[in-house]
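Scroll down for the structure; my scribbles are underneath it.
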Amino acid sequence: MQSATRLIRSTMQERYEPSVLEPQAQAFWDGNGSFAVAEDPSRPKYYCLCMFPYPSGRLHMGHVRNYTIGDVITRYMRMQGYNVLQPMGWDAFGLPAENAAMANGVPPAKWTYDNIAYMKRQLKSLGFGIDWSREVATCKPDYYRWNQWLFLRMLEKGIAYRKTGTVNWDPVDQTVLANEQVIDGRGWRSGALVEKREIPMYYLGITKYADDLLGALDDMPGWPERVRLMQENWIGRSEGLEIEFDVEGGGTLGIYTTRPDTLLGVTYMAVAAEHPLAQRAAQDNPDLQQFIAECQRNGVTEAALETMEKRGMPLGIHAIHPISGERIPVWVANFVLMGYGTGAVMAVPAHDQRDYEFARRYGLRIHQVVRPADGSLARIDEEAYLEHGTLINSGQFDGLDFDEAFDAFAKLFEAQGRVPDGSGNPLGKDAKFLECQCPKCGKPARRETDTMDTFVDSSWYYFRYASANNDGAMVDERARYWMPVDQYIGGIEHAILHLLYSRFWTRVMRELGLTQVEEPFANLLTQGMVLNQIYFRKPAEGRIVYYNPADVDVVLDDKGAPVGAVLRADGQPVEASGIGTMSKSKNNGVDPQSLVETYGADTARLFMMFAAPPEQSLEWSDEGVEGAFRFMKRLWKAVHQHVQGGSSAAALDRAALSPAQRDIRRQVHETLRKITHDIGTRRTFNTAIAAVMELMNALAKFDDRSSQGRAVMQEALEIVVLGLAPVVPHACHALWRELGHAGAVIDERWPQVDTAALVRDAIEVVVQVNGKLRGRVTVAAGADEATVREAALADVGVLRYIEGKPIRKFVYVRGKLANVVV
RNA sequence: GCCGGGAUGGCGGAACUGGUAGACGCACCGGACUCAAAAUCCGGCGAGCUAAUCACUCGUGAGGGUUCGAUUCCCUCUCCCGGCACCA
């Protein structure tokens, strides 16, 4: 073993060549199955999960940042002795595959699997420590069959149910559109005017869990405050009831309200101009026709909405109040949006400011049904009373508070959930597909053609990683070992929907006995976006042209401050419009592949972790990448020079060190203490890396060829290599061997701080006079306040400011600072 | 409009619990090496004042407050970013 080590040492490359050493390290991990993990009850587990990507074709910088953060945590926790699972998979159902199929005639499946293969190679080239034996692709039957299986269990339990609901219908594409796919009332792809349609579809009763989902947020310290707030607002906002009012002369009018407690205060109803009821009433009423036309003309631009006054007209139709039986006039109003909810609202002017203003304008009745809980009387003669309070003038419901009233009305109307899962389906026309056998009785049956939304796939994939390749069950006992996820990492854009659905899904699975955990993700880290400069030219006519920052040179003034930019190709100026998210439309993306090819994966990883803390946005900088690469070269050279310095270093003799050796050793262990805290607790990888750079700068000046000097250097470099191993694993894999170790750095433990090395003989105390820095004194480490005071008052810099003045106060912060107040 | 976050050198950022503001990196400037350039190494680098790298003054978006001491806590304001938005 010793001779083998010598051989490696003698052949150590002087040059840092990532293109050679990175594939070697990756081959080592692959060959040894370093990242394939098995359940091991004897060791503490750690489940580190990154949001899986849609296989769009290539990784983008956002992915690289996301997965680098996850990989650093994974490798760090592994060095801390945990049994760490880091899986990866593919959120593989989506419209891009269909669009690509229509555009290029490539079958969606082939397109998807080709993309997966390519992106998997990219992930491997970045050195992520992933257990690929657990890979999941949601487009494969062995994954989505469990969606269907769980859905049937949900039907049995009544968590899923079928009900008629209003949807956005695209008449050209013959499909249902999500709200975000409707742009200015038109289908995003077909451009056709979207219709509201009542179709039967499946609902998932997430509202049944709303209280629990909301309440549990208070007990989730591992989640960022702002994500919890966003979920709180979202759940609170969408918690309401659907109530149907009968319409005189036939039909019903469905509305949705978050204030069912004010139900008895309804004095009119309002519908959108496009609402069928309004359309019908307008047929033989020219005034109404004109008003409706006006409403529609006003459009939905923001400016119009801001300035538009609230206007309306009675339809001459009445609805019947479901409790009181009263006749309620139905109005058409320009502030009711057809695109939101049912396109109709119940109006409670006493307790809604908008309804109040409308009622005042048109002389409609205002009927108070809520008063403050403290018993005082709210005045509603000038504005609506908006707070939750106690019900009055509501017959049998008088005296109830908001929650009690909500529950009482909910029971009365058997409130239903509001998470539609349906989408349109061309499968309904395919007889071969439709005809099937009932799996229970064997008789001919009609196959269900409604499909589930893709959010279902991502709501439980983390369970499947933990139960990978089980043909017989959705999840198995292995999930009990791994769940919950200890650290989840992904983009803030999923702060609400994906994370909320996952929490909902976990509760459903718990109710079905599939898991014991209540919350799927113990700790959540939302990484910031990756930004870059945006450059463009706006021709006199035609469209703006964006130029990639890589093709642009920045012009500097003589102080180095940027004053302009020119396109390298023609030397002519381009305009800069600040920085923004890397995107195709702004042509400011940087391809991870070319970055890895030019500088190596370690440089890419180092730059990403160093340029900003993980939660903040990260500004791209080619010069910053160069800087990271320079550091890699310096690190490599430092180890190379040390190893070249002679045969293996003598054992460290702590008692025999010179003051300079003790100093450098103290700095080594101070750095180790800091990076342990920064990586392990604070997750501020940027400051950890900065601390190591600082240490390397000090080590470069520490030129001590003595036996103990080399021993100190050996220890320092080992700590540096171990400490950087999570961030730049390829280089550290090689350097660890160069430092004389037969084992692989991936199997090493995180080093221990030698607290004895941290002890100082003397400390420097900063001395202020009236809070201004005036001097510094050096005292023995254990000096008491009196000693420090004596030294401080004798300092020449201090004396200048206190001479002849009485000392009013002396403040001493142990070991750091003294303040003399005169 | 509502909710949340932020503003620190030419730039990205650091300062962890109220205690030396500007760590680390980039850019820039000077020097060494070189015929020269690149690379590398060494040094400088908030502003003002100054012959000066001494000293001093100012300085963390603006104004005020609390404190021996404020980038950090409190109040008011400006701007920027994110989320939601006639949301029923």
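In the text below, chain A, chain B and the rest are named by the order of the sequence lines, each starting its count at 1.
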Notebook entry, point to check: What residues in residues 605-615 of chain A put a non-hydrogen atom under 4.0 Å from any atom of RNA chain B?
Noted result: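 Listed by number, they are F610(A), A611(A), P613(A).
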Just checking [X]: base, sugar-phosphate only, or nothing, at a heavy-atom cut-off of under 4.0 Å?
X: R808(A); answer: nothing
X: V766(A); answer: base
X: N686(A); answer: sugar-phosphate
X: R800(A); answer: sugar-phosphate
X: Y801(A); answer: sugar-phosphate
X: K772(A); answer: sugar-phosphate
X: Q616(A); answer: sugar-phosphate
X: R673(A); answer: nothing
X: D678(A); answer: nothing
X: E694(A); answer: sugar-phosphate
X: L229(A); answer: sugar-phosphate
X: R634(A); answer: sugar-phosphate
X: R226(A); answer: sugar-phosphate
X: V336(A); answer: base

Notebook entry, point to check: For the residue pair A270(A) and A333(A), what are the closest heavy atoms and their distance?
Noted result: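 Reported closest heavy-atom pair: CB-CB, 4.0 Å.
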Check: What closest approach, in Å, do G254(A) and A344(A) show between heavy atoms, and which atom pair accounts for it?
Finding: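 Closest approach of G254(A) to A344(A), heavy atoms only: O-CB, 3.9 Å.
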Rounding to an integer number of angstrom, what distance separates [N] and [M] when you compare their [atom1] atoms?
N: A14(B); M: U20(B); atom1: C1'; value: 14 Å
N: G22(B); M: A47(B); atom1: P; value: 14 Å
N: G65(B); M: A51(B); atom1: C1'; value: 43 Å
N: G9(B); M: G4(B); atom1: P; value: 27 Å
N: C74(B); M: C24(B); atom1: C1'; value: 33 Å

Between [options], which one does the side chain of [X] approach most closely?
X: V811(A); options: A15(B), A88(B), C68(B); result: C68(B)
X: R630(A); options: A27(B), C24(B), A88(B); result: A27(B)
X: N697(A); options: U20(B), G19(B), C24(B); result: C24(B)

Next item on the list: May I ask you to decide if the ring planes of F245(A) and H321(A) are parallel, tilted or perpendicular, using 30° and 60° as cut-offs?
Entry: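 Perpendicular, since the angle between the ring planes exceeds 60°.
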Note to self: Between the base of U20(B) and the side chain of R776(A), is one N or O donor paired with an acceptor at under 3.5 angstrom?
What the structure shows: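 Donor-acceptor pair under 3.5 Å: yes.
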